[in-house]
Amino acid sequence: MSEDRLQEARRRKREGEREAWRARRDASRERQQQGVSRALRDRDVSLLDLVDRLLAGGVVIHGDITLAVADVDLVYVGLRALISSVETIERDMGVSLSAAGPSLKASAL
Amino acid sequence: MSGGVLYVYAITDSFPGTIATGLHGANLRAIEGGPVQAVVSEHAVAPEPDVDQLWAHERVIEDLMKASTILPMRFGSTVDRAEAVVAMLKERQEEFTALLEQVRGAVELSVRAQLPSAAEPVEAESRLGRHFGPGTTYLLERAHRQRRSEDAAELIHHPLAALARRSMQKAGSGDPHGFKAAYLVDEGAVEAFAEQVGNLNATLGELKVSCTGPWPPYSFASEELG
């Protein structure tokens with residue numbers, strides 16, 4: 001009995017995660033469509049690249065004028081967690097968010 | 001400003017004026033420091049760090065990029081006083097002017113691919129006979145797989161790097177089979193680059209190469225990164 005309930009709870013949790021993932025995906029697509037025409041940009045892989053660039057690239061302010069370092073490090077950890085959970089869902093659902101070959105060729109530059 | 005923060009978006013040598021607004025619709029302005037400027041907006045508190053703000057930051061940078069050459073700042077770069085910005089601009093003037101020249105007229109393209117992995121067994125035993133113990137066989141197989149990954153990475157990287165001003169391969173996030181690289185490409189060469197990615201996908205079979213962009217030159221905005 002309790003085993004069944006446990007499985008049911010797990011199933012619900014997975015469904016909740018998938019729902020959240022879909023919502024994030026849709027929101028992300030919407031944002032991209034609103035933005036500048038992005039010839040090569042493709043779906044959720046853009047979010048991975050965005051996070052990589054904004055949180056690990058760019059000009060860094062050194063020294064005593066860096067007030068936000070601690071905060072940003074925390075954000076970085078948080079977003080990494082979000083990204084890895086997307087990847088986990090990707091794996092569980094057997095879909096690949098990064099297979100962008102066909103749409104790349106299809107997009108008009 | 002008392003108690004507020006200045007959010008810094010980019011370093012530029014050609015601030016286009018008020019063509020764009022910042023996070024939360026805030027006005028953008030330039031702080032001068034010698035030949036370069038920092039583009040900033042004022043906020044009562046530091047903008048909250050979440051995915052929406054990441055896209056908002058990106059949107060501001062892209063708006064600026066339409067009219068000027070810029071070095072994008074890392075997300076979340078805030079300072080408490082304009083004097084601190086001026087000091088940074090003056091102190092790092094040579095670095096910024098050199099980097100601005102490097103990225104002028106170019107955009108960044110991001111490429112990812114999944115390289116061959118352990119999924120494909122290597123026939124170490126059949127190739128080498130059964131003279132080795134399990135430890136040696138394991139090491140041979142691992143070396144072979146690593147070579148395959150490196151070869152595949154080179155197959156992707158080499159033709160793309162040939163179309164780029166600069167390029168950098170990035171260490172994958174804990175995934176030895178994940179290929180990740182950034183290319184600084186002339187605006188006029190983006191189409192040729194995209195075609196080359198298409199060619200790679202057509203010829204490399206199971207290797208799926210994905211490309212996003214054009215991005216602001218985040219990966220080429222500092223000497224350490226580039």
Side-chain angles (χ1 to χ4, degrees), chain A residues 24 27-28 30-32 34-76 78-80 82-84 87 96-109, chain B residues 5 8 10-11 46 49-52 54-55 57-59 62-63 66 71-81 84-85 87-88 92 96 99 108-110 112 114 170 173 180 182 190-191 193-195 197-198 201-202 208-222 224-225:
Chain A
R24 278 202 300 271
S28 158
E30 206 169 301
R31 270 193 296 275
Q32 287 170 62
Q34 286 165 358
V36 192
S37 156
R38 284 273 153 258
L40 304 179
R41 268 193 203 174
D42 183 71
R43 301 192 301 268
D44 309 74
V45 74
S46 289
L47 179 58
L48 292 176
D49 283 335
L50 181 84
V51 170
D52 269 0
R53 278 166 179 70
L54 268 64
L55 300 186
V59 176
V60 180
I61 301 175
H62 292 295
D64 57 359
I65 56 173
T66 308
L67 300 179
V69 165
D71 289 339
V72 170
D73 283 348
L74 288 175
V75 182
Y76 192 71
L79 284 166
R80 275 290 169 201
L82 179 143
I83 295 301
S84 59
E87 283 170 348
S96 172
L97 302 179
S98 47
S103 68
L104 175 77
K105 284 211 78 179
S107 35
L109 280 157
Chain B
V5 298
V8 191
I11 309 292
D50 60 28
V51 175
D52 286 336
L54 287 182
W55 284 114
H57 173 106
E58 172 68 9
R59 197 257 312 150
E62 288 181 6
D63 284 349
K66 283 184 218 159
L71 301 172
M73 302 295 296
R74 186 169 293 186
F75 177 81
S77 298
T78 56
V79 297
D80 60 348
R81 298 168 292 124
V85 178
M88 177 186 74
R92 296 168 68 184
F96 291 148
L99 287 165
E108 177 174 331
L109 297 174
S110 165
R112 290 170 186 269
Q114 197 62 28
K170 302 182 173 196
S173 51
K180 198 160 76 165
V190 170
E191 195 169 343
F193 192 96
E195 274 171 25
V197 171
N201 271 316
K208 286 280 168 276
V209 184
S210 76
C211 176
T212 66
W215 294 96
Y218 288 103
S219 303
F220 302 95
S222 97
E224 302 142 42
L225 297 166

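Order of the sequence lines fixes the chain letters, A, B, ..., with proteins taken first and strands second; residue numbering starts at 1 for each chain.
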Checklist entry - In terms of side-chain geometry, is the basic nitrogen of B/K170 or A/D52 positioned less than 4.0 Å from the acidic oxygen of its partner? => result no

Item to check | Separation between OH of B/Y218 and CG of A/L50, rounded to the nearest 0.5 Å | outcome: 6.5 Å

Checklist entry - Does the side chain of B/F96 come within less than 4.5 Å of A/V59's, by heavy atoms? => result yes

Item to check | Set of side-chain contact (heavy atoms from CB on, under 4.5 Å) partners for B/A10, sequence neighbours left out | outcome: B/I61, B/L64, B/I70

Checklist entry - How about B/R112 and A/D49: do any of their side-chain heavy atoms sit closer than 4.5 Å? => result yes

Checklist outcome for this item: Distance col, row A/L54:CG vs B/L54:CG, nearest 0.5 angstrom, shows 5.5 Å

Checklist entry - Minimum heavy-atom separation for B/S77 to A/I61, with atom names? => result CB-CD1, 3.7 Å

Checklist entry - Would you call A/R53 and B/E58 a salt bridge, using N to O less than 4.0 angstrom? => result no

Checklist entry - So, does B/R74 use its side chain to make a donor-acceptor pair with the main chain of A/A56 at under 3.5 Å? => result yes

